[in-house]
Amino acid sequence: MFKKILIANRGEIALRVIRACRELGIRTVAIHSEVDAQSLHVRYADEHVCVGPAEGGLSYRNIPNVLSAAEITGVDAIHPGYGFLAENAHFAEVCESIGITFIGPSSEHIALLSDKSQARAHMKKHGIPVLPGSDGEIEDPKACRSTAKKLGYPVIVKASAGGGGRGMRVVWHEEDLDQAVESAQLEASTAFGHGGVYLERFFEDPRHIEFQVMADHQGHVVHFQERDCSVQRRYQKVVEESPSPALDESTRRKMGQVAVKVMKSVKYRNAGTVEFLMDAKGQFYFMEVNTRIQVEHAVTEVVTGVDLIKEQIRVAAGHGLSYKQSDIQLVGHAIECRINAEDPVRMTPSPGVVTKFCVPGGPGIRVDTAMDTSGVVSPFYDSMIAKLIASGRDRSEALARMRRALDEFVIEGIQSNILLHRRILDHPDFQKGPVSTRFLDRLLTLQSV
Amino acid sequence: MFKKILIANRGEIALRVIRACRELGIRTVAIHSEVDAQSLHVRYADEHVCVGPAEGGLSYRNIPNVLSAAEITGVDAIHPGYGFLAENAHFAEVCESIGITFIGPSSEHIALLSDKSQARAHMKKHGIPVLPGSDGEIEDPKACRSTAKKLGYPVIVKASAGGGGRGMRVVWHEEDLDQAVESAQLEASTAFGHGGVYLERFFEDPRHIEFQVMADHQGHVVHFQERDCSVQRRYQKVVEESPSPALDESTRRKMGQVAVKVMKSVKYRNAGTVEFLMDAKGQFYFMEVNTRIQVEHAVTEVVTGVDLIKEQIRVAAGHGLSYKQSDIQLVGHAIECRINAEDPVRMTPSPGVVTKFCVPGGPGIRVDTAMDTSGVVSPFYDSMIAKLIASGRDRSEALARMRRALDEFVIEGIQSNILLHRRILDHPDFQKGPVSTRFLDRLLTLQSV
Amino acid sequence: MPESSRREIEDLVELLNQYHLTELELEKKGVRIRVRRDPAPIITAPSIEVATTVEPISSTPSSPSVQPSESLHFLTVTSPIVGTFYRASSPDADPYVDEGTLVKKGQILCIVEAMKLMNEIEAEADGKVVKVLVESTTPVEFGQPLFLIDPL
Amino acid sequence: MPESSRREIEDLVELLNQYHLTELELEKKGVRIRVRRDPAPIITAPSIEVATTVEPISSTPSSPSVQPSESLHFLTVTSPIVGTFYRASSPDADPYVDEGTLVKKGQILCIVEAMKLMNEIEAEADGKVVKVLVESTTPVEFGQPLFLIDPL
């Protein structure tokens, strides 16, 4: 097992990894930017190294400084968390080359799966159901129009290197296609340095279902059932839950098998998530693989009783999976609300000094946060300040707990999206469940009318 | 179902009940003493009534004022929590007489089971294994000596009305018996207003194992497996866990059956705990029934996934149990540390103003506390300020989580027993488990040498 | 700054520390001394709806049921029990006292009914009823102010 | 403002700092002194053992690698990268600079090795090396002070 791990991240996920390391008896090194010198992840770690100024690109994403920090502290491994360097194939490759274990998949996995068009083609070849779409990237405008016609409108133009909704365009009429492709290419080229785009059929009311998977270096792959992440705003997940109210037992089993097949087809290792789009009729399609631990991994931990971060570390150290597929049983129901520092009306980040921060407690409540009883929400980083996870015997108990926990949460000094969560939780469509990925946009539109 | 419940308590248990009520959609009334006007339980409740000055006897134990508060707020039911009026048969009786549901057993159950000597005789009659001892209370010194001789020394003199170690005397030699009986009678008479005492064989290294039981008004009785509460100091529990490392599957099954039999023998209803003493050979004996919800109920909630307080409320409202015995499966392991405001050396209460209070979080951690990010520990009440519960896949993961959570817990302004808990958790005997009820006293004695 | 001023300031700081004050002011000749202690941690209510049927009492000192009110003149008669406040012995009867009524020590001011028992609340001193603070048939909690009395 | 007033103010500020006060008022002749300390939220470290191999930096301002030090005279040369600090080009070589060395802008002061690359750190201004703050072969973090330079 590793003796010392550097956590190449900040905030709640850095704390999450430090906690896992402490429970495993592994020493930890925190890295931090200058403005984060007093952050909780720095104070909780055994050692800490400043790696640059506030801007993430110069500190948390600064590969030479992060790796130098790993070298001078003599760590065996680096946990990248999510965001920053977590899906940077080059970073993973350099780690490998200097003999420091990158806790995650290999650089080849990241490279293959981060190219959505390439991943799509690979999965199609391996008999995984993918969304109807173009074969690879669009080259010729004429061929593109004929593909779109075959798919039937609306279609969606997506950047191969895309993520977070950038380089995406929904096209409802043929006459808008050429321009949509061009502007998507331009946006993708600017945002990701690669302008390639491809076409897919567009579903109006899809559900976002994802399967958490873990694979060891011995070729074993286990999935931990699904999470439903359909409550999104502009492709940003807001509420996640497990199990999904949209799945029946037989679909769940089928999707789980497909998820495992996806990972086996690339000989994946460590934690990853297979994302599916599901239409209103229950038909599901492979969308992409996230080659990292995700924000919402905690809901899966709560319903399966598995510590995914510890399992990541064990697997990266060469241990076989400590669970067989049959060991993974969902017990009860869990739901997560991402608590963001944001203006409740304009929904823009609301950084500032937190003057009071009092988290909910009692049965069925888990809070992951790097916020102390007071602290600072820095304008330089993500606005998520806490993950609030409520669980119960069934969905209705989990929802009831979440509602009372949201009522208990006291945050002063900055604004937060707690009231937005209350509105979501109170909405009859959500309470009945399942909802589509357009639920939240509709809720917000209606409200502003 | 009830529309409104008054919680006749303060502190974390008042919050615990308020949370359950909120999740059930029931309105709540908090009562409070003058010094508790700003307490969290008052702020979380829908309504609140001041029932007297700081002294518990004049406020939280003031039956006329508590019941008047119930009347003027028009509640259907009263939840007594633990302590204060929770095991006061007279209070339960008055509630019954004025048509307000007392959420707990009937006044007759409380009366019968709070008389330890009477309860012992009842159980013996029903074939429950009780500790070898005298038949009922000791009347005649000569008969007492002959009983003690038959039992074999050491013997223990116990007050029928006793609790918390008062009115108890361990006797190692016959010549000390008379005086021990006399002084125990005197103490019992002063403390409880009833001087009756009885004799039991004294075990030197027993384990304290208790079974959580719930019974509905239809006669169904279910147990929720055991808790091991052997880590005690002067009969005060300090650390509790479930399952017990002292039990094998077959003993667990046997004890569970006996616990159910105990409750059926008195036609019990609502929540109660059957306490057993277990000797080093695994022989177990009925000790007593606690006719209330207990501090340590949370460890059972965590490993069974059952919300015991909600179940108490449902049952009191006449609903049948929502669980069958076969539904109750222990998943993983949970351990609780009672965090007290106390001087770590002298182990006396350490009231004062809390200037910082930052609770641990992350996976497998539950915190029940009525302390805000700051607050006051009043000298008038119990010194317990938080219950910290850690759980995991197995005992070793639960212990690792508890250790890191204790490290994370920040309490400033007052002193606490967090370091004592660290010492307990770090002790090889405890880590190996199980330990006897003398473990903690020995640990403290050794340390002071 | 003369050494004497410095010493004076340090003396005040010592007093500040000793008594955990937040402010201490001194003005010689004209005498004016001022001490102040802010309640350190400010406890604010959580963001949950609190629907109160009973008026919460902000800060009633402990035991005595007759206390000097903020005007320093009036005595406040507070409820010694929890119950329902009645100004008269029956719905048809006249109130025991009105604003302006002169009362003798021991005279009945009102009734607080609790558990079907009528508890008569008596004046603790001679005086004039200045203000009736609670409406008849209203629930009252322990320590709740009922009357202001101007003592004679 | 006369120099004497300035001195008086500085004296008060010093007292303010020394006793962690939030307010201090002084009025001469009529004497009137006022001290005040507001209870402030204090951010303190959690009770966990922190074993540090790398010196934490309390508050280094953002970008420039040459900054005015607390003495207002000296420039602090900080490390622009994370790595290992070397005072000489090889174990046998003489240090690039010693305390007392006069340096020219652009002159090499030390090497910080990172990822097997030797990064030469140059003086950003002419001056005299007043203090070498880190021992050779020691790891340094971003922004860590390496030298104090007295600029010419």
Side-chain angles (χ1 to χ4, degrees), chain A residues 12 15-16 18-25 40 44 297-298 301-302 304-310 322-323 327 329 331-332 356-374 386-387 389-393 396-405 407-408 410 412, chain B residues 12 15-16 18-25 40 44 297-298 301-302 304-310 322-323 327 329 331-332 356-374 386-387 389-393 396-405 407-408 410 412:
Chain A
E12 71 86 19
L15 241 68
R16 175 69 193 86
I18 291 171
R19 283 169 169 155
C21 289
R22 282 196 166 252
E23 292 173 20
L24 290 170
L40 217 53
Y44 275 20
H297 76 275
E301 291 188 322
V302 170
T304 61
V306 173
D307 188 316
L308 289 169
I309 307 291
K310 285 200 245 177
S322 51
Y323 298 85
D327 295 334
Q329 302 295 336
V331 177
K356 180 158 183 175
F357 193 80
C358 192
V359 300
I365 298 300
R366 168 174 167 184
V367 183
D368 278 51
T369 180
M371 197 57 60
D372 205 339
T373 47
S374 57
K387 303 192 310 200
I389 300 113
S391 57
R393 184 184 179 183
S396 100
E397 184 170 59
L399 295 193
R401 288 219 168 113
M402 182 58 90
R403 289 159 59 125
R404 71 108 178 129
D407 283 352
E408 288 177 16
V410 179
E412 289 173 14
Chain B
E12 70 85 20
L15 241 67
R16 176 70 193 87
I18 291 171
R19 285 170 168 155
C21 289
R22 283 198 163 251
E23 293 173 19
L24 290 170
L40 216 53
Y44 275 20
H297 76 275
E301 292 188 321
V302 170
T304 60
V306 173
D307 188 316
L308 290 168
I309 307 291
K310 285 198 246 179
S322 51
Y323 297 86
D327 295 334
Q329 301 295 335
V331 177
K356 179 158 182 173
F357 193 78
C358 192
V359 300
I365 298 300
R366 169 174 167 184
V367 183
D368 278 50
T369 179
M371 196 57 61
D372 205 339
T373 48
S374 56
K387 303 192 310 199
I389 301 113
S391 58
R393 184 183 178 183
S396 102
E397 185 170 59
L399 296 192
R401 289 220 167 112
M402 182 57 91
R403 288 159 60 127
R404 72 109 176 128
D407 282 352
E408 288 177 17
V410 179
E412 288 173 13

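Residue numbers begin at 1 in each chain, while the letters A, B, ... track the order of the sequences. Because the structure is predicted, anything quoted here is derived from the model rather than measured. Side chains are part of it too, since the values below use all heavy atoms of this structure and drop only hydrogens, waters and symmetry mates.
Scanning all heavy atoms of the two residues, the minimum distance from Ile18(B) to Tyr44(B) falls at CG2-O, 3.8 Å. Here the shortest heavy-atom pairing between Ala398(A) and Gly392(A) reads CB-N, 3.8 Å. Of all heavy-atom pairs spanning Leu15(A) and Ala370(A), the tightest one is CD2-CA, 4.1 Å.
Of the residues considered (Arg366(B), Lys310(B), Arg19(B), Glu397(B)), Arg19(B) shows the highest number of contacts with chain A, using heavy-atom pairs under 4.5 Å. Between chain B and the residues Gly25(A), Gly305(A), Pro363(A), Ala400(A), the most heavy-atom pairs under 4.5 angstrom are made by Pro363(A). Among the candidates Arg16(B), Met402(B), Glu12(B), Arg403(B), the residue making the largest number of heavy-atom pairs closer than 4.5 Å to chain A is Arg16(B). When the candidates Cys358(B), Gly362(B), Gly361(B) are compared by the number of heavy-atom contacts under 4.5 Å with chain A, Gly362(B) comes out ahead. Among Ala405(A), Gly332(A), Pro360(A), Ser322(A), the residue making the largest number of heavy-atom pairs under 4.5 Å with chain B is Ser322(A).
With a 4.5 angstrom heavy-atom cutoff, Val359(A) touches chain B only via side-chain atoms. Contact annotation for Lys387(A): neither backbone nor side-chain heavy atoms come within less than 4.5 Å of a heavy atom of chain B. Proximity to chain B (any heavy atom under 4.5 Å) is shown, for Arg401(A), by both the backbone and the side chain. Glu23(A) touches chain B through backbone and side chain together, each having a heavy atom under 4.5 Å away. Contacts between Thr304(A) and chain B at a heavy-atom distance below 4.5 Å are absent for every atom of the residue.
Put simply, the side chain of Glu301(A) reaches to within 4.5 Å of the side chain of Asp307(A), judged on heavy atoms. Residues Arg404(B) and Ile365(B) are in side-chain contact: their nearest non-hydrogen atoms beyond the backbone lie under 4.5 Å apart.
Note that OG1 of Thr369(A) and CG of Leu40(A) are 8.0 Å apart. Values are rounded to the nearest 0.5 Å.
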